[in-house]
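Written below as structure tokens is the structure these notes are about.
The structure presented is a predicted model; accordingly, all values stated were derived computationally and were not measured.
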Amino acid sequence: MPAKAAAKAPEMPVKKVHDTVVILDFGSQVTQLIARRVREIGVYSVLLPFNAPMADILKANPKAIILSGGPASVTEKDSPRAHKEIFELGIPVLGICYGLQTMCEQLGGKVASSAKREFGRAHMVVEDHPSPLFAGIWGQANKAVVWMSHGDSVSKLPDGFKTIGRSDTCAHAAVADEKRHLYGVQFHPEVVHTPEGKQIISNFILKIAKCKNDWTMAAFKDEAVEAIRKQVGKERVICGVSGGVDSTVVAALLHEAIGDQLTCIFVDTGLMRLNEAQEVVSLFRDHFNIPLVHEEAGTLFLERLKGVTDPEQKRKIIGKTFIDVFEGGKKKAGEAAFLAQGTLYPDVIESVSFTGAPTVTIKSHHNVGGLPKDLKFKLVEPLRTLFKDEVRALGLHLGIPEKFIQRHPFPGPGLAIRIPGEITEERLNILRRADAIFIEELHAKKLYTETWQAFAVLLPVKTVGVMGDGRTYDHVLALRAVTSVDGMTADYAPLPHEFLGHVAVRLVNEVKGINRVVYDITSKPPGTIEWE
């Protein structure tokens with residue numbers, strides 16, 4: 001099933017002075033990684049669907065184009081194709097996996113089902129004639145580990161192309177028409193499993209396309225500040241903040257741009273981590289001196305959640321209550337023309353799917369701040385061209401304390417989706433204390449930054465235990481820690497058993513109500529990161 005495609009290119013809060021690479025998405029699960037790798041090299045990238053109108057592609061003024069991989073087969077009728085005009089623009093084009101296959105087929109070559117499929121690591125041998133695509137990579141060895149994932153392969157090259165790399169099962173693992181600046185690789189250079197992959201992408205962008213690598217967060221900050229001032233003028237802006245990275249960076253960026261024209265609204269749901277509400281208020285009022293409306297609504301949220309156990313119903317109740325409370329905060333904040341939101345580039349990309357691709361709702365989005373259309377605000381979304389790691393880098397440039405910038409993601413519904421079953425004040429207090437101990441120990445053992453997200457889950461299960469020669473019948477606590485790049489896929493973090501044992505002892509001894517601790521070793525997929 002094809003993955004979600006990119007949306008139209010977002011309006012960029014940057015001047016049109018940066019060289020741009022356009023990535024056309026054919027549905028690969030790792031297309032976003034291509035865009036991230038390009039930006040890590042210091043060049044701006046834009047993701048568009050493979051079938052985006054040529055006008056949209058040209059509007060981005062690309063200095064190079066990359067065709068992503070995808071799940072379809074070029075041999076199938078009506079499989080995706082690139083616009084033929086792309087190969088006639090005179091700018092460098094790099095096809096990756098499916099992108100290589102469709103480029104070759106569209107230019108007169110042939111693609112066939114491979115006798116032996118390749119999924120996983122493979123060894124590619126670089127041909128004797130050196131290519132700028134592989135400059136400075138393998139030296140005398142002429143062999144490299146690459147990551148393959150394909151069932152088809154190019155069986156005949158188009159006129160003008162030559163083979164620049166082959167593997168044991170793929171005669172045309174890398175190809176080039178250097179006169180027309182057209183290149184293709186059957187493997188995936190964007191994934192970490194291809195050790196020299198980033199260098200290959202860098203060679204294509206910097207050496208072949210000759211892009212300037214001047215895309216930095218320092219430059220973005222200055223340009224975004226100017227764009228915000230131009231968009232907002234003398235009008236006032238309100239911004240909902242949660243203490244999370246995205247909303248904090250949005251607020252800090254807006255405050256630098258427009259000062260006291262900004263008022264932030266913090267909806268305290270009572271579903272936050274230990275001492276988190278106080279930290280948020282202190283950060284905005286004391287550190288940044290940003291006007292803040294603090295709406296304490298924990299009692300209201302608990303009242304509306306009473307007796308509710310279905311996770312989707314919980315999310316809907318929390319979302320509706322959040323909007324009701326936010327409306328009250330909006331009145332206290334006073335009249336404003338603009339609403340600021342922490343929309344990120346992945347949100348934009350994932351908002352549009354391939355034509356005809358079925359979609360299934362796994363669970364409602366974590367962001368309970370999705371506001372109704374009748375709020376009658378104009379939107380300010382200064383982060384909508386950035387990935388999460390770029391937002392963190394921007395936050396450091398804005399002077400946000402590192403402990404806030406490096407915080408793990410936290411879901412909008414808060415601890416409510418980390419307590420399967422009914423939400424009560426007692427259960428919230430148990431989970432808050434337990435979660436705080438887990439995070440404290442991760443920091444103490446230098447493991448916090450080694451994980452992408454870590455948290456505790458209070459299960460609706462009680463088990464028999466023994467404490468001080470007495471019988472207990474208390475809750476089971478699950479610990480969850482994952483490694484990931486962007487949360488779209490994740491592996492469980494292999495935390496040391498000795499560490500987990502130490503944490504379990506602290507939890508059982510220090511948190512009344514817990515007598516058993518388990519560790520979740522499920523990856524995503526098949527599981528999700530959060531339990532609800």
Side-chain angles (χ1 to χ4, degrees), residues 2-3 5-10 16 18-28 30-32 34-35 37-38 43-76 78-111 131-133 152 154 156-162 164 172 174-186 188-190 200-201 203-211 349 352 354-355:
K8 289 182 66 176
K16 302 289 184 176
H18 300 285
D19 288 341
T20 299
V21 174
V22 166
I23 296 122
L24 297 181
D25 186 4
F26 285 87
S28 169
V30 292
T31 299
Q32 285 194 33
I34 305 173
R37 296 291 174 263
V38 173
V43 179
Y44 187 69
S45 62
V46 172
L47 264 169
L48 294 173
F50 74 92
N51 55 358
M54 277 302 298
D56 286 354
I57 296 171
L58 295 175
K59 182 181 178 182
N61 193 26
K63 196 146 185 194
I65 293 175
I66 297 177
L67 311 179
S68 84
S73 171
V74 171
T75 62
E76 295 173 353
D78 299 325
S79 56
R81 293 292 186 273
H83 296 293
K84 290 199 73 171
E85 296 95 320
I86 285 169
F87 308 114
E88 301 165 359
L89 293 174
I91 62 175
V93 178
L94 172 65
I96 295 174
C97 198
Y98 184 91
L100 155 71
Q101 295 168 12
T102 192
M103 176 169 64
C104 288
E105 192 270 346
Q106 288 183 243
L107 294 176
K110 291 185 178 179
V111 175
S131 168
L133 193 65
D152 298 340
V154 175
K156 178 187 175 184
L157 291 177
D159 291 342
F161 278 77
K162 63 184 179 184
I164 58 175
H172 306 297
V175 304
D177 180 340
E178 291 177 348
K179 185 176 181 181
R180 287 189 286 177
H181 308 296
L182 304 178
Y183 296 82
V185 293
Q186 185 57 68
H188 287 271
E190 69 272 30
I200 294 170
I201 295 173
N203 285 342
F204 173 71
I205 293 168
L206 301 183
K207 294 182 181 297
I208 294 170
K210 301 189 184 306
C211 294
I349 293 166
V352 176
F354 273 80
T355 302

**OP:** Test I200 against L94 for side chain to side chain contact (heavy atoms under 4.5 Å, CB included), laying out the working first.
**Re:** CA-CA 11 Å; I200 294 170; L94 172 65; 5.6 Å; no
**OP:** Might you work through the side chain to side chain contact (heavy atoms under 4.5 Å, CB included) test for M103 and F87, ending with a clear yes or no?
**Re:** CA-CA 8 Å; M103 176 169 64; F87 308 114; 3.4 Å; yes
Original post:
What distance do I164 atom CD1 and L133 atom CG have between them, rounded to the nearest 0.5 Å?
Top reply: 5.0 Å
Subject >> Closest non-hydrogen atom pair between V21 and C211, with its separation >> reply: CG2-SG, 4.2 Å
Original post:
For E178 and S131, which heavy atoms make the closest approach, and how far apart are they?
Top reply: OE2-OG, 3.2 Å
**OP:** Looking only at non-hydrogen atoms, find the nearest pair between S45 and V38 and report the distance.
**Re:** CB-CG1, 3.8 Å
**OP:** Give a yes or no on whether the backbone of A82 and the side-chain of Q106 come within a donor-acceptor separation of less than 3.5 Å.
**Re:** yes
**OP:** Side-chain contact test, heavy atoms from C-beta onward, threshold under 4.5 Å: evaluate it for T102 versus P80 and give yes or no.
**Re:** no
**OP:** Evaluate the side-chain proximity of R180 to L107: yes if any heavy-atom separation is below 4.5 Å, no if none is.
**Re:** yes
Original post:
When rounded to the nearest 0.5 angstrom, what is the spacing between CD1 in I23 and OG1 in T31?
Top reply: 8.5 Å
Subject >> Separation of L100 CG from L182 CG (nearest 0.5 Å) >> reply: 11.0 Å
**OP:** For residues I96 and I34, report the shortest heavy-atom separation together with the two atoms involved.
**Re:** CD1-CD1, 3.9 Å
Original post:
Is the backbone of F50 close enough, under 3.5 Å, to the side chain of R81 for a donor and an acceptor to pair up by distance?
Top reply: no
Subject >> F161: partners by ring-ring contact (aromatic ring centres under 6.0 Å, His included), with sequence neighbours left out >> reply: none
Original post:
Is the Y183 ring parallel, tilted or perpendicular to the F204 ring (thresholds 30°, 60°)?
Top reply: perpendicular
Original post:
From I66 CD1 over to D25 CG, what is the distance, rounded to the nearest 0.5 angstrom?
Top reply: 12.0 Å
Subject >> Nearest-0.5 Å distance that lies between atom NZ in K210 and atom NZ in K63 >> reply: 9.0 Å
**OP:** Find out whether L157 and V175 are in side-chain contact, i.e. whether some heavy atom of one side chain is under 4.5 Å from a heavy atom of the other.
**Re:** yes
Subject >> pair Q101-Q186: side-chain heavy atoms closer than 4.5 Å >> reply: yes
Subject >> Atom pair SG/NE2 of C104 and H172 - distance to nearest 0.5 Å >> reply: 8.5 Å
Original post:
V43 and D19: which non-hydrogen atoms are nearest, and at how many Å?
Top reply: CG1-O, 3.7 Å
Original post:
Hey, does M54 have a side-chain heavy atom less than 4.5 Å from the side chain of I86?
Top reply: yes
**OP:** Kindly indicate whether the side chain of L58, heavy atoms from C-beta on, has any atom under 4.5 Å from the side chain of L89.
**Re:** yes
Subject >> Nearest non-hydrogen partners of I57 and P62, listed with the distance >> reply: O-CD, 3.2 Å
